[in-house]
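Quantities reported herein were computed from a predicted structural model and do not represent experimental measurements. Heads up: numbering here begins at 1 and tracks the sequence.
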Amino acid sequence: MRSDFASVGSAGARADRCVHACPAVRKRARLLGLSLAAIRGSGRKGRITPADVERYAAAGAPDSKARPGD
């Protein structure tokens with residue numbers, strides 16, 4: 001039954017689990033509609049920092065969703 005559990009969820013969500021980022025960075029990326037797998041980390045050992053997420057979003061990330069109210 002383990003394979004059934006692993007197949008649940010989107011491919012983007014699974015890819016985001018394989019990157020190095022703290023929970024706050026993951027939450028910010030999720031709020032912005034960004035995939036962490038697409039962001040190159042500048043921190044130690046490739047860790048994605050809050051600045052990396054903001055820089056990626058400001059650059060007009062191709063996978064970002066339009067936020068309500070924008």
Side-chain angles (χ1 to χ4, degrees):
M1 302 309 161
R2 180 89 169 128
S3 61
D4 292 338
F5 179 76
S7 65
V8 175
S10 68
R14 283 191 300 262
D16 285 349
R17 283 189 233 138
C18 298
V19 298
H20 297 287
C22 70
V25 168
R26 291 178 186 276
K27 182 177 181 179
R28 181 66 178 149
R30 188 172 51 250
L31 289 172
L32 292 172
L34 303 175
S35 170
L36 288 174
I39 302 173
R40 175 169 287 171
S42 64
R44 185 174 179 218
K45 295 185 179 182
R47 181 171 295 275
I48 298 172
T49 66
D52 295 329
V53 173
E54 296 302 327
R55 189 177 312 114
Y56 189 80
D63 61 345
S64 64
K65 301 175 195 165
R67 290 178 291 178
D70 284 353

Salt bridge (charged side-chain N to carboxylate O under 4.0 Å, His left out) partners for R47, two or more places apart: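 Expected list: none.
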Any side-chain heavy-atom pair of R28 and E54 under 4.5 Å: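 Yes, side chains in contact.
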Pairing residues for A29 by the side-chain contact (heavy atoms from CB on, under 4.5 Å) criterion, not counting sequence neighbours: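 In terms of side-chain contact (heavy atoms from CB on, under 4.5 Å), with neighbours along the sequence ignored, A29 is linked to L34, L36, V53.
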Working for side chain to side chain contact (heavy atoms under 4.5 Å, CB included), residues V19 and R26: CA-CA 10 Å; V19 298; R26 291 178 186 276; 4.2 Å; yes
Closest heavy-atom pair and its distance - A57, L32: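 Looking at all heavy atoms of both residues, the shortest contact is CB-CD1, 3.8 Å.
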Closest non-hydrogen atom pair, S42 against T49: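 Shortest heavy-atom separation between S42 and T49 comes out as OG-OG1, 3.9 Å.
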